[in-house]
**Student:** 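Dumping the structure here so I can ask a few things about it.
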There are 2 protein chains.
Amino acid sequence: MSETRWLSESEMAMWVAYLSATHLLERRIEDQLKVDSGLTHAQYEILARLSEHPDARLRMTELARRLIISKSGLTYQIGQLERRGLVTRTTCPSDERGVFAVLTEEGSRCLERTAPEHVAVVRAFLIDRLTPEEVETMRRIMTKAVAAMEAAPAGPLRSSPPGKSPG
Amino acid sequence: MSETRWLSESEMAMWVAYLSATHLLERRIEDQLKVDSGLTHAQYEILARLSEHPDARLRMTELARRLIISKSGLTYQIGQLERRGLVTRTTCPSDERGVFAVLTEEGSRCLERTAPEHVAVVRAFLIDRLTPEEVETMRRIMTKAVAAMEAAPAGPLRSSPPGKSPG
DNA sequence: TACGGCTTGTTCAAATTTGAACTAACCACT
DNA sequence: AGTGGTTAGTTCAAATTTGAACAAGCCGTA
């Protein structure tokens, strides 16, 4: 194994600030959503993703994949949303195993009612504090990171493809 | 109330990528830490913050504030770490109520043993994919966001200070 | 010294999240 | 049709996280 490359002062400052910002923002978002609509952030994201799609429906696995949450976690949250009448489950015609999560009319209204305040929080603490160039840089950075993680297989990091360990 | 300023395409792309990257990275970090040391990310951060300080100790409330977790959450995690012998509790001499979380020798060794792989993950999926300029921009962005959220009081957003509502 | 008002840390119940185990269904190939 | 290997979604137990309630200690002021 190679010697550890520790983080530089600048890198460390970035990483610590990133962690803090993420947690602080998450807390602000949760607080706002709870007060204004009784939704959690996870639930809001489910409604938002569904609303972006034709027929406002998505298969469970696909939705979980996009939200980066576990399948069981999604099952739980869809249950909560269903209980509140914001989402319905529909079996998939072409695949007997499949389940569509479908946004209801009321779910759509709830989302429309909640979105403005939610967007306001994201703007107030992040987006409106950035220059257009910073928004663009951040978009590029995050998109790169997502691509890297979606491409890389799970498990230990390798500098070379699996099975090529020197011996 | 003013009309909602929705996110532009670029802003939305940034926000969605940010959420995905955050969750994906968190998952990668959790997986690596679990495999290599049996620690959670929260626990690792506790050890890391303690190690940065003289005497490797911090008061509970201060530690919770820095990590952006609840006091009860910290109580729980310190309990876990104490059970594993990585941390000890010490009462504060100058304040009978106070409790210091103290990194033990074993905790220190655990951290040293674990840190290289942890840093490797953060590098592999984020830092090493950024140019020095991007690191700097990201540091600036995140630092700004943290400052904004630490300064702003909890509760609904206001464009003007409290008590100044027009009427 | 005694008295409110805060602050500290813990306990507790409730909500959420995850991975493992499981059932059912799909699919390629015989 | 039958078989083995995969995928979809749920159920379950265990771990974690939070806010509210609480007991104890601090502190300025009467």
Side-chain angles (χ1 to χ4, degrees), chain A residues 19 22-24 26-35 37-46 57-84 87-102 154-155, chain B residues 19 22-24 26-35 37-46 57-84 87-102 154-155:
Chain A
L19 289 178
T22 298
H23 291 149
L24 284 168
E26 187 61 24
R27 184 167 287 194
R28 292 280 182 173
I29 289 171
E30 290 283 0
D31 288 351
Q32 176 270 315
L33 286 174
K34 175 181 282 188
V35 168
S37 65
L39 293 172
T40 65
H41 192 193
Q43 290 167 353
Y44 178 91
E45 286 297 321
I46 290 172
R57 72 186 51 202
L58 273 172
R59 288 283 294 271
M60 295 293 282
T61 297
E62 176 63 11
L63 186 50
R65 193 187 64 74
R66 296 194 193 197
L67 296 171
I68 326 282
I69 63 175
S70 65
K71 287 191 302 172
S72 51
L74 181 58
T75 293
Y76 174 78
Q77 287 299 359
I78 290 292
Q80 297 297 304
L81 291 170
E82 205 170 23
R83 222 166 38 71
R84 286 186 53 178
V87 156
T88 314
R89 271 183 245 239
T90 306
T91 60
C92 175
S94 65
D95 186 339
E96 212 36 52
R97 301 166 302 174
V99 171
F100 278 114
V102 190
Chain B
L19 289 177
T22 298
H23 291 149
L24 284 167
E26 188 61 24
R27 183 168 287 194
R28 292 280 182 173
I29 290 172
E30 290 283 0
D31 288 351
Q32 176 269 316
L33 286 173
K34 175 181 280 187
V35 168
S37 66
L39 293 172
T40 64
H41 191 194
Q43 291 168 352
Y44 178 90
E45 286 297 321
I46 290 173
R57 71 186 52 201
L58 273 171
R59 287 282 294 272
M60 294 294 281
T61 296
E62 176 61 12
L63 186 50
R65 193 187 65 74
R66 296 193 193 199
L67 296 171
I68 326 279
I69 62 175
S70 65
K71 288 190 302 174
S72 50
L74 181 58
T75 293
Y76 173 78
Q77 287 299 357
I78 291 293
Q80 296 297 303
L81 292 170
E82 205 170 22
R83 220 165 40 70
R84 285 186 55 176
V87 156
T88 314
R89 270 183 246 239
T90 306
T91 59
C92 175
S94 65
D95 186 338
E96 211 41 48
R97 300 165 303 175
V99 171
F100 278 113
V102 190

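Numbers restart at 1 for each chain; the letters A, B, ... are given by sequence-line order, proteins then strands.
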**Student:** Nearest heavy-atom pair of B:V87 and B:A101: which atoms, and what distance?
**Tutor:**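 Nearest pair, atom of B:V87 first, then B:A101: CG1-CB, 4.4 Å.
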
**Student:** Taking any heavy-atom pair under 4.0 Å as a contact, classify A:R89: base, sugar-phosphate, or nothing.
**Tutor:**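 Touches sugar-phosphate only.
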
**Student:** Give A:G73 one of three labels, base, sugar-phosphate or nothing, depending on what nucleic acid heavy atoms sit under 4.0 Å from its own.
**Tutor:**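 Counting heavy atoms under 4.0 Å across all strands, the contact made by A:G73 includes a base.
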
**Student:** If each of A:S94 and A:T40 is mapped to the nucleotide of DNA chain C with the nearest heavy atom, which maps nearer the 5' terminus, i.e. the 5' end?
**Tutor:**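 It is A:T40 whose nearest nucleotide is closer to the 5' end.
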
**Student:** Only counting residues at least two apart or in another chain, list the ones meeting ring-ring contact (aromatic ring centres under 6.0 Å, His included) with B:Y44.
**Tutor:** B:H118

**Student:** Taking all atoms of both residues into account, what is the closest heavy-atom pair of A:R66 and A:L58, and its distance?
**Tutor:** NH2-CD2, 4.2 Å

**Student:** I'd like to check the salt bridge (Lys or Arg N to Asp or Glu O under 4.0 Å) partners of A:E30; sequence neighbours left out, ordered by chain and number.
**Tutor:** none

**Student:** If you pin B:P93 and B:L74 to their nearest nucleotides in DNA chain D, which one's is more 5'?
**Tutor:**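 Here B:L74 is the residue nearer the 5' end.
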
**Student:** How is B:S72 classified with respect to the nucleic acid when contacts are heavy atoms under 4.0 Å: base, sugar-phosphate, or nothing?
**Tutor:** base

**Student:** Let me know, please, whether A:R59 or A:D31 comes out on the 5' side of the other along DNA chain D by nearest nucleotide.
**Tutor:**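 It is A:R59, whose closest nucleotide lies nearer the 5' terminus.
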
**Student:** All N/O contacts under 3.5 Å from nucleotides 4-7 of chain C to the protein, with atom names and distances to one decimal?
**Tutor:**
from: C:dT7; atom 1: O2; to: B:R97; atom 2: NH1; distance (Å): 2.4

**Student:** Quick one: do B:T40 and B:Q77 satisfy side chain to side chain contact (heavy atoms under 4.5 Å, CB included)? Show the steps, please.
**Tutor:** CA-CA 10 Å; B:T40 64; B:Q77 287 299 357; 4.3 Å; yes

**Student:** So where does chain B start and stop touching DNA chain D, 5' to 3', when the test is distance under 4.0 Å to a non-hydrogen atom?
**Tutor:** D:dA15 to D:dC26

**Student:** Holding to salt bridge (Lys or Arg N to Asp or Glu O under 4.0 Å), I want the full list of residues that pass it with B:R84, two or more places apart in sequence or in another chain.
**Tutor:**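 Listed in chain order: nothing, the list is empty.
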
**Student:** Can you check the B:E82 CD to C:dG9 P distance for me, whole Å?
**Tutor:** 14 Å

**Student:** Do you know the tightest heavy-atom contact between A:K71 and A:T61?
**Tutor:** CD-OG1, 4.0 Å

**Student:** What integer distance in Å separates B:M60:CE from C:dT11:P?
**Tutor:** 10 Å

**Student:** Would you please name every residue forming a salt bridge (Lys or Arg N to Asp or Glu O under 4.0 Å) with A:R27, sequence neighbours left out?
**Tutor:** none

**Student:** Show the numbers, then the answer: is there a side chain to side chain contact (heavy atoms under 4.5 Å, CB included) between A:V99 and A:I78?
**Tutor:** CA-CA 11 Å; A:V99 171; A:I78 290 292; over 6 Å; no

